[in-house]
2 protein chains.
Amino acid sequence: MSTYTPSGAATRSGFSLDTLRYYERIGLLSGVVRSSSGHRVFTDGDLEWLGVLRCLRDTGMPISDMQRYAELARDGEQTLTERLNLLREHAKAVEEHLALLADQYRHLQAKIGWYEGQLP
Amino acid sequence: MSTYTPSGAATRSGFSLDTLRYYERIGLLSGVVRSSSGHRVFTDGDLEWLGVLRCLRDTGMPISDMQRYAELARDGEQTLTERLNLLREHAKAVEEHLALLADQYRHLQAKIGWYEGQLP
DNA sequence: GCTTGACCTGGAGCGCGCTCCAGGTTGAAT
DNA sequence: ATTCAACCTGGAGCGCGCTCCAGGTCAAGC
């Protein structure tokens with residue numbers, strides 16, 4: 001199990017340093033170890049968790065929901081069902097968003113096709 | 001060719017009244033006719049244009065790009081090629097976004113599957 | 001030993017895309 | 001004639017998700 005510097009964690013997670021600090025402040029990221037000098041030391045476990053956050057963020061979950069999920073995750077096994085429900089609801093929202101996006105993408109392509117038909 | 005009240009246009013376009021006014025202010029929506037009393041009168045043409053804006057907005061185009069597109073559209077036929085380029089670039093961005101979203105959606109489903117495996 | 005760059009904290013600021021408000025006018029229905 | 005909902009304008013305010021800043025500490029390389 002390796003450890004990572006703040007900037008290393010930023011690079012690997014794809015979040016900026018400021019975002020990592022922000023996530024810790026608001027409780028999305030807890031239990032990050034500190035060195036004797038107070039510097040953060042990220043573990044593989046932290047990076048794995050950041051991967052989860054990235055998935056949720058990239059699929060458009062609001063931060064308030066991520067906070068709820070993080071809180072449940074901290075509370076251990078008895079919250080499994082609730083976490084599952086939360087993810088299922090989110091997945092449903094993502095499906096709807098994907099459907100809308102795909103639909104509007106088709107309109108966009110149609111528009112592009114129309115423009116192509118107008119050219120010399 | 002019909003006309004529509006502001007609230008009618010809001011309902012049909014799916015934008016709020018405030019958003020319609022805002023779009024007009026920032027130049028996304030121009031040439032909206034006014035009644036003698038100063039009230040906006042929307043036409044089918046306006047609603048069609050709002051449909052285009054909705055497509056662009058829902059696919060995540062930034063307002064500054066929509067403003068550019070609106071400006072080009074106002075300038076008539078000689079901007080066809082430039083408008084086409086703009087839409088093509090945007091379509092590329094949408095494709096990338098869709099790909100990312102689909103990818104993260106798979107991760108989400110995998111996570112959900114994992115949770116389901118943990119339950120009684 | 002000194003430099004230099006990475007890191008720390010708390011708090012302010014920002015860009016986006018609306019959304020709301022005050023204060024006033026208009027017009028369809030009773 | 002009166003009511004009252006819908007509309008108008010200019011401008012302020014907001015929620016989100018960061019991002020930046022000041023002022024200071026720390027540590028690895030020369």
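Every chain is numbered from 1, with letters handed out A, B, ... down the list of sequences.
- Within a 6.0 Å radius of CD in Glu77(B), other residues, nucleotides and ligands contribute 12 heavy atoms or fewer.
- Side-chain contact, Tyr4(B) with Asp44(B): a donor N or O sits under 3.5 Å from an acceptor N or O.
- Residues passing the ring pair (Phe, Tyr, Trp, His ring centres under 6.0 Å) test with Tyr23(A), sequence neighbours excluded: Phe15(A).
- Applying the 6.0 Å contact sphere to CD of Glu48(B) captures no more than 12 heavy atoms from other residues, nucleotides or ligands.
- Listed for the Arg40(B) side chain is no donor-acceptor partner under 3.5 Å among the backbone atoms of Thr5(B).
- In the 5' to 3' direction, nucleotides of DNA chain D lying under 4.0 Å from heavy atoms of chain B begin and end at dC7(D) to dG11(D).
- Residues Tyr115(B) and Arg83(A) bring a donor and an acceptor atom of their side chains to less than 3.5 Å of each other.
- In terms of modelled atom types and a separation under 3.5 Å, the side chain of Thr11(B) and the main chain of Ser7(B) share a donor-acceptor contact.
- Taking a 4.0 Å limit (strictly below) on heavy-atom distances, residues 18-41 of chain B reaches DNA chain D at Arg21(B), Arg25(B), Arg34(B), Gly38(B), His39(B), Arg40(B).
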